[in-house]
Each structure stands twice: as structure tokens, then as C-alpha cells.
Asks: 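I'd like to ask you about the structure that follows.
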Number of protein chains: 2
Amino acid sequence: MTGYSQSEEDYLEALYMIQLKNKVTRVKDVALALDVKMPSVVAAVRSLSEKGLVEQEKYGHIELTEEGEKVARDVYKRHQLLCAFFHEVLGLDPRIAEEDACRMEHHLSPETRERLLRIVEYIRACKDEEVFFLKRFMSFVNTGKMPEPCPGCKRY
Amino acid sequence: MTGYSQSEEDYLEALYMIQLKNKVTRVKDVALALDVKMPSVVAAVRSLSEKGLVEQEKYGHIELTEEGEKVARDVYKRHQLLCAFFHEVLGLDPRIAEEDACRMEHHLSPETRERLLRIVEYIRACKDEEVFFLKRFMSFVNTGKMPEPCPGCKRY
DNA sequence: CTCCTAAATTAGCCTAACCTAACAAAGTTA
DNA sequence: TAACTTTGTTAGGTTAGGCTAATTTAGGAG
């Protein structure tokens, strides 16, 4: 969805997240984060640097370029959005939410993304009020039965 | 999510859908459906037949085995579920729903799948009542503003 | 029945993305 | 500073999944 491959997006996202934590980014950190070997990281970094997304002096630290960081942040936000949706709306375990987000983040169209964002915003906006929809939905999930309509508005 | 690759799932699903329409399945149909060339289909079919998922006599028609059909139907159902969710819950255009489903169907964990099914069932179960949640959510999507709480129950 | 065309197959090639093993550079410690 | 350890790089190989071009088969038309 960015013109970059799944693997490229994964590398950019990992670089971004490591940057947020550590002062500098080393090949080894990336390898660890993505569960690949160091030579794979070296190859990926070279390819990304040819595309102007990262910079690295030999045997030195890796940095995202401005463009690279832009793409990385975009991937990261898709990831966060999916996580939020899975956890906060569907009520899934955070670990499951995380794992599914990792795989799906690469396949989200702008339209679907926008709607998911809306639904998360909607649910959050009325969180304090013990959102009626969520209560009813979770009851449906747990009992398999449709809850009684709200006595006030007779709507579901 | 089935132990088969994205590409393998795509072939199985295509074979299944062609089977539903046509009497027999030919290499050419599959190539057309998946937008690949015939030699790619031949290679894929050979590989799938080695795994016991399809059968084909040389220069003959392609058929899913029982196991192959089981897997194919599973992929197909994931696809349908995602479509339904995108269209019926998120209110997305059917074309967008279809496209996103195609890409995401390969990455759905059983847990997430179950919850998505629930939410679609939930929304369907109260469709006749002009589902309050959907009305409110769509109003939020369109206006960007949170609708007033229901006067009866004061819940969102 | 023969010939022609369309479909299927084979052979051989390419790219992306990974790997291992061997080597090189950097950094740490005695 | 010399030696050792850790980190990074290079070289070369593998697999999945696609492609084109050339060949073979099957099925329909004359």
C-alpha cells in the first residue's frame, strides 16, 4: 500500500521502532527484531539505501532518511490502528491483536484504513459512557444470544 | 493460517470458485482468474498435486481432492467473512471490500476470524431494527461529529 | 482422416528474500 | 598495544513463484 514490499515495510518499521528506543540502530538489533540473520539485514539495508530510504556508513549505524521515516511512520500507524481495532473494538487479547496487526498492516487500503480509524475513534469517544454497542456486542460474543433491546429506545 | 502459502491458498480458492461455476476446470481458466500465465499454473498444480490437494491427468482437467476442497472452502469462507465485514459493518464499497478481502484473507488468525464473524452476525441479527450502532457510526463517519446520546437510555 | 488451432507442457531464466560459512573491522580488556 | 570478542560484510547457495519461448497434445473443421 506504499509501493514497497511487505519485507521492505517490515524493515522500515523495525528501524523506526528501534530508533524510538535506542540512540543508534545496529544491524544486530534489526536482525533480532525481525528474526532474520545479519546478512539479510545488510542486504535489505543496501537495497533500501539505494532507494533513498536509509543511510549507513560502512560498519556504522543505520538511520532512516526523511523519506524513509515518513514511510516507516505510516506503516507503524497502520499497525497501531489494527492493534487498537482488534483489542479495543473486537476485544481480542493484546498478543493476538499484535500478531494479526503485524501480518495485516501491509494489506490495508486507504479506504478501509479510514473506516477502521473511524470505528476506533467512535468507540473511544464514548468509552466513558460504557459504550452500549460494546456491552451488547460482548454479551453476544459470550452468550451467543442477542441481548434484549434497550427498553428506552427499542434499538439495538 | 492453513499451513499453505498465500499463493497456494490463492490457487486453491480460484480452483474452488471455478468449480462452482464451470463443469470442468482448465489451466487457462485458472491463469485468467489469477492473472498469471499458464506455465505458472502448471507448476502450481503440480506442486499442489504432490501435496495431495489437487488431481489432474496430463493434458486433462484439474480437480480438487477432498482435502484440497476442504482447504479451499476454508479460504473462501475467510474471504466472504472479510467482505461481509468490510461492506456490511464498515459500510465500504463492495469493490474495495472485495479487494481488501483478497489480500487479507491469508492473514486472519482463528481468534480474529471468530470475532469478525460475531460482529457480522450481530449486525445482521438486528438489521431489521435499523441497528442503532450502525446508524450512529455512519453518522459519525459522515459528519465527523458524535451523535447525541439516545434520549431513552443515555447510552451511545 | 488430415490439418490447424488452441491449450498444455517443458525447458530455461529471473527476482526477492532468505540462509551459512568465511572473512574483516571495531571495540574491549588485560 | 596486543589479543580476543563482537559485530558487520562478502561470497555463494537455496527456495518460491513468477516469466518467455519452444514444443507437444487434443479436438474441431474441412
Side-chain angles (χ1 to χ4, degrees), chain A residues 1-15 18-19 21-64 68 71-72 75 102-103 105-107, chain B residues 1-15 18-19 21-64 68 71-72 75 102-103 105-107:
Chain A
M1 293 288 96
T2 48
Y4 300 105
S5 75
Q6 193 161 330
S7 162
E8 287 171 324
E9 287 193 354
D10 280 334
Y11 278 103
L12 292 172
E13 189 186 16
L15 289 169
I18 292 168
Q19 258 185 19
K21 282 229 179 68
N22 306 4
K23 281 210 174 45
V24 297
T25 304
R26 288 173 310 164
V27 171
K28 203 192 178 196
D29 303 326
V30 182
L32 220 59
L34 292 179
D35 193 30
V36 296
K37 304 299 177 184
M38 290 204 292
S40 304
V41 176
V42 171
V45 166
R46 195 183 55 238
S47 162
L48 289 172
S49 82
E50 279 161 10
K51 295 179 182 177
L53 298 172
V54 309
E55 281 177 353
Q56 180 196 31
E57 52 245 54
K58 251 200 173 182
Y59 291 93
H61 304 310
I62 309 165
E63 281 176 29
L64 288 164
V71 177
V75 178
C102 272
R103 293 194 308 275
E105 66 192 9
H106 310 292
H107 307 283
Chain B
M1 296 287 96
T2 48
Y4 300 104
S5 74
Q6 193 162 329
S7 162
E8 286 171 323
E9 287 193 355
D10 280 334
Y11 278 102
L12 291 172
E13 189 185 17
L15 288 169
I18 292 168
Q19 260 187 16
K21 282 233 180 62
N22 306 4
K23 280 210 176 44
V24 297
T25 303
R26 289 171 310 163
V27 170
K28 201 189 179 198
D29 302 326
V30 182
L32 220 60
L34 292 179
D35 193 29
V36 296
K37 305 297 177 182
M38 290 205 293
S40 304
V41 176
V42 172
V45 166
R46 194 183 56 239
S47 161
L48 289 172
S49 83
E50 280 161 11
K51 296 179 184 177
L53 298 172
V54 310
E55 280 178 354
Q56 180 195 32
E57 53 245 54
K58 254 202 169 182
Y59 291 92
H61 304 310
I62 309 166
E63 281 176 28
L64 288 164
V71 177
V75 178
C102 272
R103 292 193 309 273
E105 66 191 7
H106 309 292
H107 307 283

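All values below were derived from every heavy atom in this structure, side-chain atoms included, with hydrogens, water molecules and symmetry-related copies excluded. Predicted model only: the values in this text are computed from it and were never measured. In what follows, chains are A, B, ... by sequence order, proteins preceding strands, each numbered from 1.
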Asks: Take a 6.0 Å sphere around CD of B/E55 and say whether it holds more than 12 heavy atoms from other residues, nucleotides or ligands.
Replies: no
Asks: Could you walk me through whether A/Y4 and A/V75 pass the side-chain contact (heavy atoms from CB on, under 4.5 Å) test, one step at a time?
Replies: CA-CA 10 Å; A/Y4 300 105; A/V75 178; over 6 Å; no
Asks: What is the 5' to 3' range of DNA chain D, first to last nucleotide, that sits under 4.0 Å from any heavy atom of chain A?
Replies: D/dT7 to D/dT10
Asks: Looking at every heavy atom in both B/R103 and A/H107, which two are closest together, and how far apart are they?
Replies: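 Distance-wise, the nearest heavy atoms are NH2-O, 3.0 Å.
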Asks: Only one of A/V36, A/I62, A/L53 clears side chain to side chain contact (heavy atoms under 4.5 Å, CB included) with A/Y11; which?
Replies: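 For A/Y11, the side chain to side chain contact (heavy atoms under 4.5 Å, CB included) check succeeds only for A/V36.
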Asks: For DNA chain D, what residues of residues 22-40 of chain B have any heavy atom nearer than 4.0 Å?
Replies: B/V36, B/K37, B/P39, B/S40
Asks: How long is the span from the CD atom in B/Q56 to the CG atom in B/L64, to the nearest 0.5 Å?
Replies: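 Nearest 0.5 Å value for the CD-CG distance: 12.0 Å.
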Asks: Near DNA chain D, under 4.0 Å by heavy atom, which residues of residues 47-63 of chain A?
Replies: A/Q56, A/K58, A/Y59
Asks: If you measure from CG on A/L32 to CE on A/M38, what distance do you get to the nearest 0.5 Å?
Replies: 10.5 Å
Asks: Under 4.0 Å from any atom of DNA chain C, heavy atoms only: list the residues of residues 2-9 of chain A that qualify, in numerical order.
Replies: A/S5, A/S7
Asks: I'd like the 5' and 3' limits of the part of DNA chain C contacted by chain A, with heavy-atom contacts below 4.0 Å.
Replies: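 With heavy atoms of chain A under 4.0 Å away, the range is C/dA17 to C/dA25.
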Asks: If a pair satisfies salt bridge (charged side-chain N to carboxylate O under 4.0 Å, His left out) and one of its residues is in residues 25-43 of chain B, list it, with sequence neighbours excluded.
Replies: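 Qualifying pairs, neighbours excluded: B/R26-B/D29.
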Asks: Kindly write out the residues that satisfy side-chain hydrogen bond (donor to acceptor under 3.5 Å, both in side chains) with B/E9, not counting sequence neighbours, or none if the list is empty.
Replies: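 Partners of B/E9 under the side-chain hydrogen bond (donor to acceptor under 3.5 Å, both in side chains) test: B/T2, B/R78, B/H106.
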Asks: Are A/L12 and A/V54 side-chain neighbours, meaning at least one heavy-atom pair lies under 4.5 Å?
Replies: yes
Asks: Side chains of residues 39-52 of chain B: which donor-acceptor partners sit under 3.5 Å, not counting sequence neighbours?
Replies:
{"unit_1": "B/S49", "atom_1": "OG", "unit_2": "B/R46", "atom_2": "O", "d": "2.9"}
{"unit_1": "B/K51", "atom_1": "NZ", "unit_2": "B/E8", "atom_2": "OE2", "d": "2.4"}

